[in-house]
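Everything numeric here is computed off the predicted structure, so don't read it as measured data. What's counted below: heavy atoms across the whole structure, side chains too, no hydrogens, waters or symmetry copies. Residue numbering restarts at 1 for every chain, and letters A, B, ... go by the order of the sequence lines.
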Amino acid sequence: GDSVTQMEGPVTLSEEAFLTINCTYTATGYPSLFWYVQYPGEGLQLLLKATKADDKGSNKGFEATYRKETTSFHLEKGSVQVSDSAVYFCALRYTGGFKTIFGAGTRLFVKA
Amino acid sequence: DGGITQSPKYLFRKEGQNVTLSCEQNLNHDAMYWYRQDPGQGLRLIYYSQIVNDFQKGDIAEGYSVSREKKESFPLTVTSAQKNPTAFYLCATQKEGGRFTDTQYFGPGTRLTVL
């Protein structure tokens, strides 16, 4: 069945370091792909999305490109801040769209 | 102020008791969802509703029940049949349930602890 696999955390970085969080997926058809962020004790917020192959989603300095050939949607940021510390979820939704499939989440710690 | 409200933020119950979690939205979205989140895990779908008076089971519906009598409201009841109910519960909405490009919006969550 369809699934999303994220790199295991936690990921610990120093402020201004480069961030990559890997996400790969298995899906029939051509899903939409999403990155959500969850701050402690809160719900999830959409960070960015891409709805077709080669689309690049971007927001708040984060970017991810929908790569159909490698079935990947890796999250990147050039310079992380302490305030980026959170859990990041990769997710997919396919045509017909009633269900969203989430990865297990990757916790990011950024040290000052 | 538009958004999704979940109450209460923290909820404690004794074993054997039913408890109802509230989810209200004023986004005028058609679809509403309930997810369960356990530590270190992703979200698992409990129930979803595409329109008023209609809902479907998700992947882990056993021990839970819902109703959708109003567009704005989608309460979740955790029954005594749910064997391990301690978790963080998230409500979400989507403008149209069947559009796979649409964003899901999440409430702040309710943390349920069984004593």
*So, do A:Y36 and B:Q104 sit near enough that their side-chain heavy atoms are less than 4.5 Å apart?*
yes
*Check whether any side-chain heavy atom of A:R93 lies under 4.5 Å from a side-chain heavy atom of B:Q94, and answer yes or no.*
yes
*Would you mind checking which part of A:Q45 comes under 4.5 Å of any heavy atom in chain B, side chain (CB onward), backbone (N, CA, C, O), both or neither?*
neither
*With sequence neighbours left out, what residues match B:Y105 under side chain to side chain donor-acceptor pair (under 3.5 Å)?*
none
*OH of B:Y10: more than 12 outside heavy atoms within 6.0 angstrom?*
no
*For atom NZ of A:K68, is the number of surrounding heavy atoms from other residues, nucleotides or ligands below 6.0 Å larger than 12?*
no
*If you group Ile, Leu, Val, Met, Phe, Trp and Tyr by side-chain heavy-atom gaps below 4.5 Å, do B:L112 and B:Y33 land in one group?*
no
_Engaged part of B:Q6 at the chain A interface, taking heavy atoms whose separation is under 4.5 Å_ = neither
_Starting from A:V37, can I reach A:W35 by hopping between I/L/V/M/F/W/Y residues whose side chains sit under 4.5 Å apart?_
yes
*Does B:M32 share a hydrophobic cluster with B:F106, counting links as ILVMFWY side-chain heavy atoms below 4.5 Å and allowing steps through other members?*
no
Expected list for residues 85-93 of chain B: side-chain donor-acceptor pairs under 3.5 angstrom, two or more places apart:
| residue | atom | partner | partner atom | Å |
| --- | --- | --- | --- | --- |
| B:T86 | OG1 | B:V114 | N | 3.0 |
| B:Y89 | OH | B:Y64 | OH | 2.9 |
| B:Y89 | OH | B:P85 | O | 2.7 |
| B:T93 | OG1 | B:H29 | ND1 | 2.8 |

*Who wins among B:L45, B:D59, B:L43 for the most heavy-atom pairs under 4.5 Å with chain A?*
B:L43
*Within a reach of under 6.0 Å around CD of B:E62, are more than 12 heavy atoms found that belong to other residues, nucleotides or ligands?*
no
*If contact means a heavy atom pair closer than 4.5 Å, which residues of residues 101-112 of chain A contact chain B?*
A:F102, A:G103, A:A104
*Would a hydrophobic clustering, with Ile, Leu, Val, Met, Phe, Trp and Tyr connected at side-chain separations under 4.5 Å, put B:Y48 with B:W34?*
no
*Does atom CD of B:E69 have more than 12 heavy-atom neighbours, drawn from other residues, nucleotides or ligands, at distances under 6.0 Å?*
no
*asked:* Quick check on the interface: out of B:G58, B:G109, B:G42, B:G107, who has the most heavy-atom pairs with chain A under 4.5 Å?
replied: B:G42
*Linking I/L/V/M/F/W/Y whenever their side-chain heavy atoms sit closer than 4.5 Å, directly or via other members, would A:F62 and A:L33 fall into one cluster?*
yes
_Using side-chain contact (heavy atoms from CB on, under 4.5 Å), reason through A:L44 and B:Y35 one step at a time and then give a plain yes or no._
CA-CA 11 Å; A:L44 277 67; B:Y35 293 92; over 6 Å; no
*Mark yes when over 12 heavy atoms from residues, nucleotides or ligands other than A:Q81 sit less than 6.0 Å from its CD; otherwise mark no.*
yes
*Per-residue contacts, residues 71-81 of chain B versus chain A, heavy atoms under 4.5 Å*: none
